[in-house]
Amino acid sequence: MGCMGMAYDDFCRLTFGEFDAVAGQWSRMRENDLKDNWERTRLAAAIVIQPHLRKRIQPKRLLPLPWDKATARKGPERSPQQNRERFELLRRKYEHPETGANDIKTSK
């Protein structure tokens, strides 16, 4: 759990719901950091190239990024019960790799 900055003892005390919330927030934080870095890079590129262009250019036109267009969420959201069931299946697979793999379903 070092990558999330969480102590092992703290991780062991989490319930599944708490871990799901922590992992989701950590994932969003990392994604926002990545987007922020790309936004700064795009702005710097626009500032550097602007003196060499006759027309004014917008950073979004110069370097379009995937999140510039709003995208619809793919697939249905899982319920908390479905998340728990999936967690239990994955836990069994981890604890008994030779038998747990047969129980895993990839459907959403």
Side-chain angles (χ1 to χ4, degrees):
M1 299 305 0
C3 65
M4 291 174 60
M6 182 184 300
Y8 181 73
D9 290 339
D10 294 335
F11 169 73
C12 291
R13 289 186 192 117
L14 292 177
T15 65
F16 175 72
E18 291 170 336
F19 177 75
D20 190 42
V22 168
Q25 186 60 36
W26 182 77
S27 177
R28 282 187 290 281
M29 183 182 72
R30 297 282 296 167
E31 186 177 330
N32 287 338
D33 287 346
L34 178 72
K35 286 181 180 181
D36 187 47
N37 287 336
W38 273 106
E39 291 288 343
R40 279 184 289 190
T41 301
R42 174 165 62 182
L43 181 61
I47 290 170
V48 168
I49 201 169
Q50 192 63 57
H52 304 286
L53 300 174
R54 292 182 185 180
K55 286 185 171 182
R56 186 166 163 79
I57 190 163
Q58 296 296 318
K60 287 186 178 185
R61 266 192 89 208
L62 177 65
L63 181 62
L65 296 171
W67 52 85
D68 287 340
K69 294 180 182 177
T71 57
R73 188 174 176 94
K74 295 180 182 176
E77 182 105 9
R78 288 188 185 131
S79 71
Q81 180 61 31
Q82 290 171 320
N83 281 338
R84 271 190 227 85
E85 291 169 1
R86 178 79 173 149
F87 175 77
E88 288 302 320
L89 288 172
L90 291 172
R91 184 182 57 79
R92 277 187 293 188
K93 180 182 177 186
Y94 178 75
E95 290 174 352
H96 307 287
E98 65 283 348
T99 60
N102 297 332
D103 293 339
I104 303 298
K105 296 176 185 169
T106 57
S107 65
K108 290 180 182 174

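Just the heavy atoms: all of them, side chains too, but no hydrogens, waters or symmetry mates, feed the values below.
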Can you measure from [atom1] ([X]) to [atom2] ([Y]) and round to the nearest 0.5 angstrom?
X   : Y   : atom1 : atom2 : result
S79 : R86 : OG    : CZ    : 13.5 Å
I47 : L62 : CD1   : CG    : 11.0 Å
E39 : L34 : CD    : CG    : 10.5 Å
D36 : T41 : CG    : OG1   : 9.5 Å

Determine, for [X] against [Y], whether the closest basic-nitrogen to carboxylate-oxygen distance falls under 4.0 angstrom.
X   : Y   : answer
R92 : E88 : no
R42 : D68 : yes
R91 : E95 : yes

With a 4.5 Å heavy-atom cut-off, do [X] and [Y] have their side chains touching?
X   : Y   : value
F19 : F87 : no
L65 : K35 : no
R40 : L43 : no

So, Q50 side chain and K55 main chain: donor-acceptor pair closer than 3.5 Å or not?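 Yes, the answer is positive, given that a donor and an acceptor are paired below the 3.5 Å cut-off.
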Shared hydrophobic cluster for F16 and L89 (ILVMFWY, side-chain gaps under 4.5 Å):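 In one cluster: no.
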Could you see if I57 belongs to whatever hydrophobic cluster contains W38? Use Ile, Leu, Val, Met, Phe, Trp, Tyr and a side-chain cutoff under 4.5 Å.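 No, I57 and W38 fall in different hydrophobic clusters.
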Residue pairs, two or more places apart or on separate chains, that pass salt bridge (Lys or Arg N to Asp or Glu O under 4.0 Å) and touch residues 3-14: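 Only D10-R13 qualify under salt bridge (Lys or Arg N to Asp or Glu O under 4.0 Å).
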